[in-house]
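See structure below.
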Amino acid sequence: MNHTLINDFNEIVSGRRSIRNYDPTVKITRLEMTEILTTATLAPSSVNLQPWRFVVIDSPEGKATLAPLAKFNQNQVATSAAMIAVFADMNSIDYADDIYGKAVEQGLMPAEVRDAQLPAIKGLVSTMSPEQLKEMNLIDAGLVSMQLMLAARAHGYDTNPIGGYEKDQIAEAFGMDKERYYPVMLISIGKAIDKGYQSVRLPVDAITEWK
């Protein structure tokens, strides 16, 4: 057991706070943001369809568009280095050929495995109701969102997940097809200007059953 890795991970997790006030002078370069997002996308997803999509809102114009849609989170919009809108792509199956094709090209999967799995995956998705597909994608988008926040923390930044915003308007506000891209959450990211508050967690014994 590598205690150093465990301690490092515990420090990353325990150091995360939900932050509402950031240092507005701190910016995150596109290179570093790309590194954070790349780490986030290592999260697992159902049959590896990776349905998550991101809109990084870091320009004054972008934040001005977002502000009226996040009325109860004005400090985060104004002071964060960026607001990241996480969406679930309801047409993620369109990328299946590319994903599995690249896996074969990179020697990660035999071609015969791809050829057997792709028709089965496409057949499965084609039989799912919109609600079933949405549920699957929301789980995957939740996984990538948590990994994004941990990746940000590893880079020395603070985050806060936000669920209270105008979800029925945000896709169109940023030029996206609202029928295809389902909003999952906003994540503010930057350098905290205050420590925030550490929250209490229920003890494991209260939430776990051993069988």
Side-chain angles (χ1 to χ4, degrees), residues 1-13 16 27-58 62 81-130 132-157 159 161 171 174-177 179-187 189:
M1 182 179 296
N2 192 323
H3 291 285
T4 299
L5 286 177
I6 292 173
N7 290 337
D8 288 346
F9 181 73
N10 287 342
E11 184 176 347
I12 289 171
V13 174
R16 199 195 69 78
K27 307 300 178 185
I28 301 175
T29 66
R30 292 200 171 184
L31 176 60
E32 187 173 21
M33 185 66 80
T34 298
E35 292 173 353
I36 292 170
L37 293 174
T38 299
T39 300
T41 60
L42 297 176
S45 63
S46 303
V47 292
N48 198 27
L49 288 182
Q50 306 167 44
W52 43 69
R53 304 291 180 261
F54 309 108
V55 177
V56 180
I57 305 162
D58 61 356
M83 300 289 291
I84 303 172
V86 183
F87 293 87
D89 183 357
M90 301 302 288
N91 291 359
S92 60
I93 190 64
D94 292 349
Y95 293 85
D97 288 325
D98 186 44
I99 291 169
Y100 280 77
K102 286 183 178 178
V104 172
E105 289 174 11
Q106 295 176 19
L108 303 176
M109 175 183 289
E112 57 269 24
V113 173
R114 173 200 59 193
D115 295 342
Q117 288 190 359
L118 270 178
I121 291 168
K122 292 178 180 180
L124 171 65
V125 172
S126 70
T127 65
M128 296 176 74
S129 70
Q132 289 173 323
L133 184 59
K134 182 186 296 184
E135 181 179 3
M136 182 179 79
N137 287 342
L138 285 175
I139 291 172
D140 294 342
L143 289 170
V144 82
S145 295
M146 186 70 252
Q147 189 138 309
L148 194 163
M149 289 185 281
L150 294 177
R153 184 64 189 168
H155 278 251
Y157 298 109
T159 58
F174 289 97
M176 304 174 73
D177 179 356
E179 300 301 323
R180 174 171 179 171
Y181 299 102
Y182 187 83
V184 179
M185 69 177 73
L186 292 173
I187 299 174
I189 179 171

Does Lys27 have any salt bridge (Lys or Arg N to Asp or Glu O under 4.0 Å) partners at least two apart in sequence or in another chain, and if so, which?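 Scan of Lys27 (salt bridge (Lys or Arg N to Asp or Glu O under 4.0 Å), adjacent residues dropped) gives none.
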In chain order, what residues pass the salt bridge (Lys or Arg N to Asp or Glu O under 4.0 Å) check against Asp177, with sequence neighbours excluded?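 In terms of salt bridge (Lys or Arg N to Asp or Glu O under 4.0 Å), with neighbours along the sequence ignored, Asp177 is linked to no residue.
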On a heavy-atom basis, which atom in [X] and which in [Y] lie closest, and how many Å separate them?
{"X": "Met128", "Y": "Met136", "result": "CE-SD, 4.0 Å"}
{"X": "Leu42", "Y": "Gln147", "result": "C-NE2, 3.5 Å"}
{"X": "Gly123", "Y": "Thr127", "result": "O-CG2, 3.2 Å"}
{"X": "Ala171", "Y": "Tyr181", "result": "CB-O, 4.1 Å"}
{"X": "Leu148", "Y": "Phe54", "result": "CD1-CE2, 3.8 Å"}
{"X": "Ala96", "Y": "Leu49", "result": "CB-CD2, 3.9 Å"}

Around atom CD of Gln132, are there more than 12 heavy atoms from other residues, nucleotides or ligands closer than 6.0 Å?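 Atom CD in Gln132 is crowded, with more than 12 foreign heavy atoms closer than 6.0 Å.
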Could you tabulate the donor-acceptor pairs under 3.5 Å formed by side-chain atoms of residues 29-41, not counting sequence neighbours?
unit_1, atom_1, unit_2, atom_2, d
Thr29, OG1, Glu32, N, 3.1
Glu32, OE1, Tyr157, OH, 2.6
Glu32, OE2, His155, ND1, 3.1
Thr34, OG1, Arg30, O, 2.7
Thr38, OG1, Thr34, O, 2.7
Thr39, OG1, Glu35, O, 3.2
Thr41, OG1, Leu37, O, 3.4
Thr41, OG1, Thr38, O, 2.8

Atom CE of Met109 and atom CD1 of Ile99: how far apart are they, to the nearest 0.5 Å?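 So the gap between those two atoms works out to 10.5 Å.
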CZ on Arg114 to CD1 on Ile121, rounded to 0.5 Å: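 Atom-to-atom, Ile121:CD1 and Arg114:CZ are 12.0 Å apart.
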Would you mind writing out the side-chain donor-acceptor pairs for residues 81-93 within the sub-3.5 Å range, not counting sequence neighbours?
unit_1, atom_1, unit_2, atom_2, d
Asp89, OD1, Asn91, N, 2.8
Asp89, OD1, Arg180, NE, 2.8
Asp89, OD2, Arg53, NE, 3.3
Asp89, OD2, Arg53, NH2, 3.1
Asp89, OD2, Arg180, NH2, 3.1

Output all residues satisfying side chain to side chain contact (heavy atoms under 4.5 Å, CB included) with Gln106, sequence neighbours left out; order by chain, then residue number.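 Side chain to side chain contact (heavy atoms under 4.5 Å, CB included) check on Gln106 returns Lys102, Leu108.
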Please tell me whether Gln50 and Asn48 have a donor and an acceptor in their side chains that are separated by less than 3.5 angstrom.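 Side-chain D/A pair, Gln50 to Asn48: present.
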Under 3.5 Å, side-chain donor or acceptor atoms of residues 138-145 against the rest of the protein: list the pairs with distances, not counting sequence neighbours.
unit_1, atom_1, unit_2, atom_2, d
Asp140, OD1, Ser46, N, 3.3
Asp140, OD1, Ser46, OG, 3.4
Asp140, OD2, Ser46, N, 3.0
Asp140, OD2, Ser46, OG, 3.3
Ser145, OG, Ala141, O, 2.8

